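Working notes, structure below.
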Amino acid sequence: MALASPQDASPRGTSPATGAPTGRGAPARTRSARTRPGRRRLLTRGSVPYLLIMPAVLGFAVFKAYPIAASFWISLTTGNGEARQYTGLANYRRLLDDPLFWTALKNTALILVVQVPLMLGLALLVALGLNSAKVWLRPLWRLGVFVPSLTGLVAAGVMFSVILNHDAGLLNWVLSLFGIDRVNWLGSPFWARVGVVLVITWHYTGYNAVMYLAGLQGVPKELYEAAMVDGAGPVRRFLSITLPQLRPILLLTVVLSTIGTLQLFDEPYVLTGGGPDNATLTVTMYLYDNGFKYFDFGYASALAYALALIVSVLGILQVRLMGERR
């Protein structure tokens, strides 16, 4: 009886050396991607989140991070094109000695100090009224309050330039009905600032009122009921319950309104062009003039970074002063 060879001792259909399937029905080749240690799969459970956020990261890098870095470099140079030369902090030293910059900053600060408290105070009063159950047709009133914020800034500026016209303006016509003399809204330094404040307040009061209204609707009614049982009046309930509950939204609106006012451009540009006598010239308007009228991009970039620094400092101070105390 013949003995079986070692090759015959292996299982049928497998290779004695490697144990891989052989014969009919065996695959022609194995998947080398799984056996080669040098190659890795691109789509894995760990890499999918990074691939999903990659478009946003690339968009931020190209359209945000690069322009910010390039603007900072330009702020350290003077000249244009191939004639651009590195001058260090010369543009920033020039900024400190520029009286027109300080005039623009003073105008912006004055509008900020007057307009932001006025607008937010009116917005809070409007939100309290719209939150009352005694008001009829509340959805209609809420829509009417919010509509001005949907108007384009340029369109609002053009509309108010007609309303505030000295000779044929609607506002002066209404004042004449009460025997009040015409006001030179856009030709007097004081009244031009008042006109700019009026336009900004009209445009953004409804927007902030809707935010306050959302916060008021989130305050638990049990707090008011408990306070009423303890004998607290409307003023005490407002100071002890409403304002503390609205603290996060108040902080948000103050910070956003401050940033928006410091970046004020469209309204004074359309209404007065920065006049009369630079009374409504803002920092962003002065930046625009240097960059796109005089093509002094180095100084304009320095103005932009100075404004960013001012906004950052004010934002940090507001968060520290109004933030929640733990």
Side-chain angles (χ1 to χ4, degrees), residues 108-153 155-156 160 196-267 307-308 310-326:
T108 307
L110 183 61
I111 295 173
L112 171 67
V113 171
V114 174
Q115 188 269 330
V116 171
L118 175 63
M119 176 187 65
L120 297 183
L122 288 175
L124 184 57
L125 291 176
V126 171
L128 290 172
L130 294 178
N131 193 48
S132 175
K134 300 179 181 179
V135 177
W136 292 359
L137 302 175
R138 283 189 297 174
L140 183 61
W141 286 107
R142 293 171 183 176
L143 177 62
V145 167
F146 187 72
V147 163
S149 62
L150 302 178
T151 307
L153 294 176
F160 271 88
V196 172
V197 170
L198 182 62
V199 176
I200 303 172
T201 303
W202 173 85
H203 192 272
Y204 291 105
T205 297
Y207 176 82
N208 291 283
V210 171
M211 297 182 67
Y212 290 149
L213 181 60
L216 289 172
Q217 293 178 347
V219 178
K221 295 181 180 180
E222 293 79 5
L223 297 178
Y224 293 107
E225 294 173 355
M228 293 176 65
V229 171
D230 293 338
V235 177
R236 174 55 61 185
R237 293 197 299 268
F238 175 76
L239 295 177
S240 301
I241 299 176
T242 304
L243 286 183
Q245 291 293 321
L246 290 180
R247 182 190 293 270
I249 299 180
L250 287 171
L251 175 61
L252 176 64
T253 54
V254 168
V255 172
L256 292 180
S257 300
T258 300
I259 295 174
T261 305
L262 290 174
Q263 296 177 344
L264 187 63
F265 175 80
D266 300 79
E267 295 87 345
L307 181 60
I310 294 172
V311 170
S312 301
V313 171
L314 287 179
I316 293 173
L317 290 176
Q318 289 170 342
V319 171
R320 290 289 182 87
L321 293 176
M322 296 182 59
E324 293 191 21
R325 300 172 184 174
R326 299 181 181 178

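Note that the structure is predicted; figures quoted are calculated from it, not measured.
Between atom CG of residue Leu264 and atom CD1 of residue Ile111 there is a gap of 5.5 Å, rounded to the nearest 0.5 Å. Taking CG of Leu120 as the reference point, atom CD1 of Ile249 lies at 12.5 Å (rounded to 0.5 Å). Distance CD/Gln245 to CG/Leu216: 10.0 Å, rounded to 0.5 Å. In this structure, NE2 in His203 is found 8.0 Å from CG in Leu150, a value given to the nearest 0.5 Å. Distance check: Leu130 CG to Leu140 CG gives 10.5 Å after rounding to the nearest 0.5 Å. The structure places CG of Leu128 at 8.0 Å from CG of Leu246, a figure rounded to the nearest 0.5 Å.
Between Asn131 and Arg138, the shortest heavy-atom contact is O-NH1, 3.5 Å. Annotation for Val311 and Ile259: closest pair CG1-CG1, 3.6 Å, computed over non-hydrogen atoms. Closest approach of Ala127 and Ala209 over heavy atoms only: CB-O, 3.5 Å. Between Leu112 and Leu314, the shortest heavy-atom contact is CD2-CD1, 4.4 Å.
Using modelled atom types, one side-chain atom of Arg237 and one backbone atom of Ala232 make a donor-acceptor pair closer than 3.5 Å.
For the pair Leu118 and Leu122, the minimum side-chain heavy-atom distance is below 4.5 Å.
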Next on the checklist: Test side-chain contact (heavy atoms from CB on, under 4.5 Å) on Val196 and Ile200; report intermediate values, then the result.
Outcome noted: CA-CA 6 Å; Val196 172; Ile200 303 172; 3.8 Å; yes
Checklist entry - Does the pair Arg142 and Val210 meet the rule for a side-chain contact (heavy atoms from CB on, under 4.5 Å), with working shown? => result CA-CA 8 Å; Arg142 293 171 183 176; Val210 171; 6.0 Å; no
Next on the checklist: Would Val219 and Thr242 count as a side-chain contact (heavy atoms from CB on, under 4.5 Å) here? Give the steps.
Outcome noted: CA-CA 8 Å; Val219 178; Thr242 304; 5.8 Å; no
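Here side-chain hydrogen bond (donor to acceptor under 3.5 Å, both in side chains) pairs that include residues 208-218, with residues two or more places apart or in two chains, are Tyr212-Thr253.
Remark: Leu256 engages Leu252 in a side-chain contact (heavy atoms from CB on, under 4.5 Å) (not counting sequence neighbours). Phe146 pairs by the ring-ring contact (aromatic ring centres under 6.0 Å, His included) definition with nothing, not counting sequence neighbours.
The number of heavy-atom neighbours closer than 6.0 Å to OH of Tyr224, taken from other residues, nucleotides and ligands shown, is above 12.
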